[in-house]
Amino acid sequence: MQGLLIKDELRWHGKWSSEIGKQLAVKDSTKDLYIFDPKHSRKDILKLLNQVPADMYQLLDLEEAAEEDCDYMADSGLCYRKIH
């Protein structure tokens with residue numbers, strides 16, 4: 001699944017978050033990371049982000065993980081790790 005890491009929260013616009021919430025299914029999140037439902041491809045997400053400067057975010061390939069392999073702890077309490 002894909003994760004969107006917001007690298008610059010100060011410059012990030014609320015309207016972008018709003019559009020993400022309207023158009024894509026967000027499975028989980030943290031303060032600066034949206035984790036998308038696996039049905040959304042990288043291409044789907046990039047299409048939505050076409051107006052966002054590329055240096056403000058990073059797309060990550062993620063999978064659910066055990067706590068000992070956790071890169072990101074989501075608000076739900078689930079752990080996710082980056083797939084390298």
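Just so it is clear, the values below take in all heavy atoms, side chains as well, and ignore hydrogens, waters and symmetry mates.
In this structure the side chain of R81 never reaches within 4.5 angstrom of the side chain of E64, judged on heavy atoms. Side-chain atoms of P53 and R11, non-hydrogen and from C-beta on, do get closer than 4.5 Å to each other.
For D61, the side-chain hydrogen bond (donor to acceptor under 3.5 Å, both in side chains) partners are Q2, not counting sequence neighbours. In this structure K22 satisfies the salt bridge (Lys or Arg N to Asp or Glu O under 4.0 Å) test together with E19, sequence neighbours excluded. Residues meeting the side-chain hydrogen bond (donor to acceptor under 3.5 Å, both in side chains) test with D71, sequence neighbours left out: none.
The number of heavy-atom neighbours closer than 6.0 Å to CD of E67, taken from other residues, nucleotides and ligands shown, is 12 or below.
Applying the 4.5 Å side-chain rule to ILVMFWY residues, one finds L4, W12, W16, I20, L24, V26, Y34, F36, I45, L46, L48, L49, V52, M56, Y57, L59 in the same cluster as I6. Residue L78 is found in a hydrophobic cluster whose other members, listed by chain and number, are M1, L5, L33, I35, L60, L62, Y72, Y80; membership requires side-chain heavy atoms under 4.5 Å apart, directly or through intermediates.
The heavy-atom pair separating C79 from C70 by the smallest distance is SG-SG, 2.7 Å. In plain terms, the two heavy atoms of K39 and A25 that are nearest each other are CE-CB, 3.9 Å.
With values rounded to the nearest 0.5 angstrom, I83 atom CD1 is found 4.0 Å from E63 atom CD.
The list of side chain to side chain donor-acceptor pair (under 3.5 Å) pairs with a residue in residues 43-56, not counting sequence neighbours, reads S41-D44.
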